[in-house]
**Student:** 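One structure is given below, represented as structure tokens, and several questions about it will come after.
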Amino acid sequence: MLTMNIRFDAAQIAKAFGELQQEHPNVMAQAINDTTREVRDAQVAEIRASFDNPTAFTLRALRTTFASRTKLQAMVWLKDGPSRAHYLIPQIEGGSRPLKRFEEILVQAGLMRKNERAVPGAAAKLDAC
């Protein structure tokens with residue numbers, strides 16, 4: 001998982017932001033939203049670079065909320081929320097993907113082991129995408 005630590009004097013920054021927000025209430029929200037858009041666009045660019053011909057569904061996997069003049073907070077996250085089951089988590093953090101529903105059924109029926117994954121065979125016809 002990508003972790004970023006930033007250290008700063010929160011009291012000093014809060015004071016400066018508070019003064020700026022009182023003088024120009026929309027400026028802070030606009031700055032946060034501009035940064036949020038840049039983060040989202042950078043993540044979509046990384047998805048394009050990391051996957052071979054990603055589907056539109058995958059390119060739209062991010063959800064974004066923006067700041068307002070009364071709530072100076074914005075977020076970019078995977079649409080399914082913080083759930084560990086999101087299909088992109090193994091691509092981001094590494095590890096194996098969760099079992100698909102039909103794979104769980106095969107495991108329960110004893111036809112497949114829990115550490116195995118079903119993949120198309122050499123003769124399988126694949127989608128164009």
**Student:** Excluding sequence neighbours, so at least two apart, what forms side-chain hydrogen bond (donor to acceptor under 3.5 Å, both in side chains) with E38?
**Tutor:** none

**Student:** Rounded to the nearest 0.5 Å, what's the gap from CG on L88 to CD1 on I47? Could you check?
**Tutor:** 6.0 Å

**Student:** Is a side-chain N or O of R113 found less than 3.5 angstrom from the main chain of G110, in a donor-acceptor match?
**Tutor:** no

**Student:** Looking at CZ of R117 and OG of S96, how far apart are the two atoms once the value is rounded to the nearest 0.5 Å?
**Tutor:** 4.5 Å

**Student:** Would you sort out whether T64 and V39 count as a side-chain contact (heavy atoms from CB on, under 4.5 Å), showing the intermediate values?
**Tutor:** CA-CA 10 Å; T64 310; V39 167; over 6 Å; no

**Student:** Enumerate the residue pairs fulfilling salt bridge (charged side-chain N to carboxylate O under 4.0 Å, His left out) with a member in residues 39-48, sequence neighbours excluded, ordered by first and then second residue.
**Tutor:** none

**Student:** Could you state the interatomic distance from NZ (K114) to CD (Q108), rounded to the nearest 0.5 Å?
**Tutor:** 9.5 Å

**Student:** Among all residues two or more places apart in sequence or in another chain, which pass the side chain to side chain contact (heavy atoms under 4.5 Å, CB included) test with R60?
**Tutor:** A56, K79

**Student:** Apply ring-ring contact (aromatic ring centres under 6.0 Å, His included) to F57 and list each qualifying residue two or more places apart in sequence or on a separate chain.
**Tutor:** Y87

**Student:** So which heavy atom on T65 is nearest to which on T36, and how close?
**Tutor:** O-CG2, 4.1 Å

**Student:** Identify the heavy atoms of A74 and A67 that sit nearest to each other, and give their distance.
**Tutor:** CB-N, 3.9 Å

**Student:** For V44 and L59, work out which heavy atoms get closest and say how close.
**Tutor:** CG2-O, 3.9 Å

**Student:** Ignoring hydrogens, what is the shortest heavy-atom contact between A29 and R69? Give both atom names and the distance.
**Tutor:** CB-N, 3.9 Å

**Student:** May I ask you to list the residues sharing a hydrophobic cluster with L99, side-chain cutoff 4.5 Å, ordered by chain and number?
**Tutor:** F102, L106, V107, L111, M112

**Student:** Report yes or no: do L72 and F66 belong to one cluster of Ile/Leu/Val/Met/Phe/Trp/Tyr joined by side chain heavy-atom distances under 4.5 Å?
**Tutor:** no

**Student:** Are more than 12 heavy atoms, taken from residues, nucleotides or ligands other than R97, located less than 6.0 Å from that residue's CZ atom?
**Tutor:** yes

**Student:** Using side-chain hydrogen bond (donor to acceptor under 3.5 Å, both in side chains) as the criterion, list what pairs up with Q30, not counting sequence neighbours.
**Tutor:** D34

